[in-house]
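Some notes on the structure that comes next.
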Amino acid sequence: MSDDSLFARRPASFTEPEPIDVTPAPGDEESPAGERPARPARSSRRRRIVGGVVLVAGLIGAGFLGSAVLRITQQKDATLGTPATVAGLQRDTSEEALTTADYLRTAFAAGIDLDESIGAVYGDPGAADRSVLLFGGTTLLWSPERDLDSMLELVADDTGAVSDVREVEPGPLGGVMKCGVSRGTDGDIPVCGWADHGSIAIAMFPGRDTGEGAALMRDIRSDVQTRN
């Protein structure tokens, strides 16, 4: 039977169905088929998350800056002295020791701009060959570790290369302390130095090893450095 005969046999009461409107609703014209329009709330939430991250980063940065400022304030006003006795050692006032101390003090001060400088030789009552040579000074240092590294290089120029430099515990006064070994024709000499935002100093410890030098340096520092 042909299609025409089927349509021809439709009841007289049959009416054509109303056409279905498939036009997209307003605002949906650009949405890909099968996808829902983007929700503004999601981008709003993203902005809040990003804003929170920026705020936290800002607070961390402010905390770090505040800590640095406090540390500088606490350390900047330092004084170094050369008392007659430090850490069980006696200051050597012989002409030879005074000449050596003045030479080291002058050479050190030439390498860094200091407000005040010191130099001293301290003898060990139990061993004449274990004298300690101490030199340094005070000034406002913005980068103590960098300045200490520079001064250790200066010592290397005068006494032989300082090798095996490593950071050691600076003690209760804080800052940074490093020790190494000056290797010269007369043997190896431990060299230690400290630096903070108000002072910098280096000492040489002939007749001792690096561990002894580091411990003695902390004791010497506690006797020669004060803060206002």
Side-chain angles (χ1 to χ4, degrees), residues 74-75 77-109 112 114 116-139 141 144-145 147-148 151-152 154-156 158-160 162-184 186-228:
Q74 291 174 336
Q75 297 179 358
D77 296 319
T79 301
L80 296 182
T82 53
T85 303
V86 297
L89 306 175
Q90 299 290 328
R91 182 160 54 87
D92 190 339
T93 57
S94 67
E95 182 177 353
E96 182 180 359
L98 292 176
T99 300
T100 300
D102 188 60
Y103 168 76
L104 293 172
R105 180 189 63 79
T106 302
F108 190 82
I112 186 171
L114 297 171
E116 300 287 342
S117 60
I118 64 164
V121 176
Y122 284 94
D124 187 334
D129 59 346
R130 286 160 59 93
S131 294
V132 175
L133 288 68
L134 174 69
F135 42 99
T138 58
T139 189
L141 300 174
E145 184 171 9
D147 291 326
L148 178 57
M151 298 316 296
L152 286 171
L154 178 64
V155 172
D158 287 342
T159 64
V162 177
S163 59
D164 301 327
V165 176
R166 59 186 177 86
E167 191 167 344
V168 298
E169 173 59 42
L173 289 169
V176 61
M177 184 179 290
K178 294 185 178 184
C179 290
V181 179
S182 174
R183 305 189 186 281
D186 295 331
D188 297 346
I189 300 176
V191 179
C192 292
W194 86 73
D196 55 29
H197 289 288
S199 68
I200 182 170
I202 289 177
M204 305 176 68
F205 302 92
R208 294 177 171 84
D209 60 33
T210 305
E212 289 178 299
L216 188 52
M217 187 63 158
R218 285 188 289 270
D219 292 340
I220 291 174
R221 184 184 182 190
S222 67
D223 286 340
V224 304
Q225 181 181 0
T226 57
R227 289 184 178 137
N228 301 327

**Complete:** Between A214 and M177, the two heavy atoms sitting closest are O-SD, 4.3 Å

**Request:** Taking all non-hydrogen atoms of both residues into account, name the closest pair between V176 and P170 and its distance.
**Result:** C-CB, 4.4 Å

**Message:** Donor-acceptor pair, distance only, cut-off 3.5 Å: does the side chain of R130 make one with the backbone of R208?
**Reply:** no

**Interatomic spacing from CD1 in I189 to CZ in R183 - rounded to 0.5 Å** = 11.5 Å

**Request:** Measure the NZ-CG distance between K178 and D164 for me, rounded to the nearest 0.5 Å.
**Result:** 13.5 Å

**Request:** With F108 as reference, evaluate V155, I118, I200 under the side-chain contact (heavy atoms from CB on, under 4.5 Å) test and give the passing residue.
**Result:** I200

**Request:** Give every residue pair that meets the side chain to side chain donor-acceptor pair (under 3.5 Å) criterion with at least one member in residues 79-89, sequence neighbours excluded.
**Result:** T85-Q90

**Request:** Output the distance between atom NE2 (H197) and atom CG (D147), rounded to the nearest 0.5 Å.
**Result:** 10.5 Å

**Asked** Just how far is it from atom SG of C192 to atom CG of L152, taken to the nearest 0.5 Å?
**Response** 9.0 Å

**Prompt:** What's the shortest heavy-atom distance between P83 and V224, and which atoms?
**Reply:** CD-CG1, 3.9 Å

**Message:** Surrounding CD of E116 (heavy atoms of other residues, nucleotides or ligands, distance under 6.0 Å), is the total greater than 12?
**Reply:** no

**Prompt:** Short question: side chain of R105, backbone of S117 - any donor-acceptor pair under 3.5 Å?
**Reply:** no

**Item:** All side-chain hydrogen bond (donor to acceptor under 3.5 Å, both in side chains) counterparts of E167, not counting sequence neighbours
**Value:** none

**Message:** Quick check for you: to the nearest 0.5 Å, what is the distance between R218 atom CZ and W194 atom CH2?
**Reply:** 12.5 Å

**Prompt:** Is a side-chain N or O of D77 found less than 3.5 angstrom from the main chain of N228, in a donor-acceptor match?
**Reply:** no

**Prompt:** Going by distance alone, is a donor N or O of one side chain under 3.5 Å from an acceptor N or O of the other, for D196 and S199?
**Reply:** yes

**Item:** Distance-minimising heavy-atom pair for L216 and V132
**Value:** CD2-CG2, 3.9 Å

**Item:** Contact summary for A201 and L134, nearest pair of heavy atoms
**Value:** CB-CD1, 4.4 Å

**Prompt:** What is the minimum heavy-atom distance between L133 and S131, and which atoms define it?
**Reply:** CD1-O, 3.9 Å

**Message:** Rounded at 0.5 Å granularity, tell me how far CE in M151 sits from CG in L154.
**Reply:** 4.5 Å

